[in-house]
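Take a look at the structure below.
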There are 2 protein chains.
Amino acid sequence: MVKLIDIAKKLGLSLTTVSRALNDYEEVSSKTKELVRQTAKEMGYVPNKFAQNLALKKSHLISLLYDDYQETISYQSFTFEVIAGVRNYFGRTPYDLIIVPGNLKSETREPLKNICYSRGIEGLFVVGIRTNDPYIEELKKDFIPAVIVDYPLITKKVTYIQSDNLMGCKLAVDYLVSRGHSRIAFINGHDLAAVSPLRLDGYKTALKENGISFDEDIVKVGNYTEKSGYDAVRQLLKEKADFSAVFAASDLMAVGAIKAIKEKGLKVPEDVAVVGFDDVFFAEYSHPSLTTIRQHKFDLGYMGAKELHEIIENPEKPLRSRKIDVELIIRESA
Amino acid sequence: MVKLIDIAKKLGLSLTTVSRALNDYEEVSSKTKELVRQTAKEMGYVPNKFAQNLALKKSHLISLLYDDYQETISYQSFTFEVIAGVRNYFGRTPYDLIIVPGNLKSETREPLKNICYSRGIEGLFVVGIRTNDPYIEELKKDFIPAVIVDYPLITKKVTYIQSDNLMGCKLAVDYLVSRGHSRIAFINGHDLAAVSPLRLDGYKTALKENGISFDEDIVKVGNYTEKSGYDAVRQLLKEKADFSAVFAASDLMAVGAIKAIKEKGLKVPEDVAVVGFDDVFFAEYSHPSLTTIRQHKFDLGYMGAKELHEIIENPEKPLRSRKIDVELIIRESA
DNA sequence: CTGAAAGCGCTTACAG
DNA sequence: CTGAAAGCGCTTACAG
């Protein structure tokens with residue numbers, strides 16, 4: 001491995017000058033700069049980041065915190081795309097992404113603080129963490145800049161980003177109402193996802209705005225899986241609940257709902273209209289294709305990463321949370 | 001941040017002794033060790049890894065190389081689960097995972113070598129890379145220990161791991177034959193996935209072993225998406241091809257195939273049996289539920305990571321590739 | 001069993 | 001515009 005001193009020797013310059021030339025200091029003549037750069041390139045010089053980090057007390061390392069143990073494909077896909085956005089943003093900066101080690105549910109895990117301090121982590125990007133995850137408590141201690149997807153927490157160094165869930169629910173309900181529906185069942189997800197209460201809120205608010213009264217008999221709680229959507233609608237049908245449309249808080253549950261409706265010999269959307277939430281990859285291919293609320297997952301990651309970058313660069317900036325627009329995608333199911 | 005010297009001062013010991021105590025050197029008395037450890041804990045000491053790395057010339061950093069830009073949900077899910085396995089394995093070691101920065105297709109990316117050298121990366125775990133990805137060429141230069149999922153490359157420092165694709169195809173074909181099928185159509189994926197030719201091979205071999213002759217009229221190539229499976233079967237039906245079963249090289253294509261078959265008014269599995277490959281999350285919930293070849297994605301990651309760890313620790317070890325067992329999952333579609 | 005000192009490869013305040 | 005030297009926080013060969 002060639003190092004600064006090797007370049008210096010070869011050029012008969014001091015180490016100091018070489019370092020400064022490579023870091024584009026003003027004091028170095030452009031002639032020297034050019035010479036040093038050229039030589040560095042020829043010799044295949046690559047800076048040693050440990051040494052830089054140690055000297056600068058700056059790691060250019062962002063840590064990614066997410067959960068491996070939620071196995072629904074839409075959770076995986078959501079997380080994957082959010083991370084793609086994060087990676088894409090930081091790919092344009094000197095920052096690299098490091099993954100916090102495997103968080104096995106059962107084992108005691110090392111405090112976040114230690115992990116961050118030992119690797120000199122400068123910021124944390126958190127996605128797909130459940131509301132009961134112990135890391136949340138650690139984040140509240142506010143020891144490091146962090147951006148969290150979907151969990152509402154704002155402190156001096158921590159903020160969050162999420163899709164505009166209220167707007168999403170409003171778009172869905174408004175659309176169904178515009179299609180003549182007034183009995184709109186709602187299948188929500190469990191409260192381990194911080195978005196669930198928001199979506200329930202959004203549903204209620206949208207009903208009210210349309211002059212429709214809330215009826216808890218047509219609201220069910222699933223767990224974001226296809227099966228739970230299926231079960232919820234079977235239950236509704238069994239109870240002979242009065243509804244002509246279903247709004248599900250995830251596409252997976254919407255697909256389950258459709259399955260239950262079809263099994264009963266009813267048609268989607270003729271007998272019962274169905275709207276999902278997320279716009280995952282298969283929404284387009286399910287049968288009938290899904291009308292749904294699209295979340296811009298990549299943007300959540302990209303914009304969240306940008307926000308995190310700003311917090312790091314400008315620690316005094318007062319933080320505010322951020323919402324990413326959602327979009328009503330009209331297909332066949334409603 | 002408390003450092004070694006702070007502990008030393010507090011205890012009236014030398015920095016050397018403190019370092020040795022914390023690193024469990026034999027020469028330090030167990031009394032001193034205990035004292036130092038206790039004090040370190042009380043003071044909230046966390047070792048600075050940059051400094052350690054610099055002194056030891058060891059980073060304990062593994063880099064993860066994967067592609068963001070393939071948008072099928074099963075690619076994302078596959079990659080996600082493989083990475084979960086990698087993370088889980090290395091979570092038990094001192095190694096952390098770092099993600100190589102966003103590889104935008106169009107932009108020139110930094111040579112892998114530079115990235116690795118500058119961060120002192122000790123090994124590379126590669127997953128979901130297409131056969132035409134430029135990184136492949138760099139890996140062939142053999143400058144760093146690496147384990148690749150699904151791309152067959154063995155050098156002095158690089159090896160690969162994959163599911164037993166041949167066995168998978170054999171299981172699928174044998175099963176269909178045992179159910180009385182002899183006209184088994186095959187929908188393969190494109191050659192940008194290194195597994196595609198293997199699966200074609202496996203299909204041919206299995207046919208031969210069952211005394212069935214290969215007929216290229218009932219072999220189609222898709223691109224691993226649902227739509228391509230759908231299109232392939234529509235094409236077969238349009239050509240009035242003679243087949244009573246479809247074996248698809250991915251579950252997504254199998255789902256597409258089923259859709260096309262149903263649209264034609266045929267029943268699955270009564271008129272046409274369908275077998276997929278992967279066993280992704282939704283295979284169980286599709287209608288009819290999918291008979292398929294399960295890949296153990298987590299194990300691919302976990303065992304691949306283990307292999308990588310061994311290569312790093314023991315550089316002289318001659319490398320061999322590794323296969324992970326697959327499993328026939330029988331459900332309704334065949 | 002313990003310590004003083006050199007070294008890992010950088011950056012930068014200080015001096016010229 | 002350039003350089004000698006100190007420092008970032010560790011580890012470890014050498015000496016005792």
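Letters go in sequence order (proteins before strands), and every chain restarts at 1. Bear in mind that the values here come from a model prediction, so they are computed numbers and not experimental data.
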* Structure fact -> So the contacted stretch of DNA chain D, first to last nucleotide with an atom under 4.0 Å from a non-hydrogen atom of chain A, runs from dC1(D) to dG9(D)
Determine yes or no for a side-chain-to-main-chain donor-acceptor pair under 3.5 angstrom, with [X] supplying the side chain and [Y] the backbone.
{"X": "T79(B)", "Y": "Y75(B)", "answer": "yes"}
{"X": "N314(A)", "Y": "I311(A)", "answer": "no"}
{"X": "T159(B)", "Y": "I148(B)", "answer": "no"}
{"X": "T93(A)", "Y": "F90(A)", "answer": "yes"}
{"X": "E122(B)", "Y": "H60(B)", "answer": "yes"}

* Asked: Taking the six-membered ring for Trp, is the centroid-to-centroid distance between F80(B) and Y66(A) below 6.0 Å?
  -> yes
* Asked: More 5' along DNA chain C: S14(B) or V2(A), using each one's nearest nucleotide?
  -> S14(B)
* Which residue, N48(A) or G12(B), contacts DNA chain C at a nucleotide closer to its 5' end, judged by nearest heavy atom? ->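 Between the two, 5'-proximity favours G12(B).
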Quick one: label [X] by what it contacts on the DNA or RNA (base, sugar-phosphate, nothing), any heavy atom closer than 4.0 Å.
{"X": "N23(B)", "answer": "sugar-phosphate"}
{"X": "Q52(B)", "answer": "sugar-phosphate"}
{"X": "I5(A)", "answer": "nothing"}
{"X": "S29(B)", "answer": "sugar-phosphate"}

* Of residues 54-61 of chain A, the positions that come close to DNA chain D - non-hydrogen atoms, cut-off under 4.0 Å ->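 Within residues 54-61 of chain A, the residues near DNA chain D are L54(A), A55(A), K57(A).
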* Structure fact -> Residue pair R20(B)/V46(B) against DNA chain D: nearer the 5' end by closest nucleotide is V46(B)
* Is it the case that K113(A) places NZ or CZ above or below the six-membered ring of F143(A), under 6.0 angstrom from the centre and within 45 degrees of the axis? ->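 Yes - K113(A) lies over the ring of F143(A), closer than 6.0 Å to its centre and within 45° of its axis.
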* **dA5(C) versus dC1(C) - spacing of their P atoms, nearest Å** => 24 Å
* Asked: Expressed in whole Å, how much space separates the P atoms belonging to dG9(C) and dA13(C)?
  -> 23 Å
[X] with [Y]: basic N within carboxylate O range, under 4.0 Å:
{"X": "K141(B)", "Y": "E138(B)", "answer": "no"}
{"X": "K317(B)", "Y": "E307(B)", "answer": "yes"}
{"X": "R130(A)", "Y": "D67(A)", "answer": "no"}

* List the steps, then state whether side-chain hydrogen bond (donor to acceptor under 3.5 Å, both in side chains) holds for H309(B) with Y89(B). => CA-CA 9 Å; H309(B) 193 190; Y89(B) 176 81; 2.7 Å; yes
* Return one dot-bracket line describing DNA chain C 5' to 3' (Watson-Crick or G-U wobble pairs, both distances under 3.5 Å; ( ) same strand, [ ] crossing, | another strand, . none). => |||.||||||||.|||
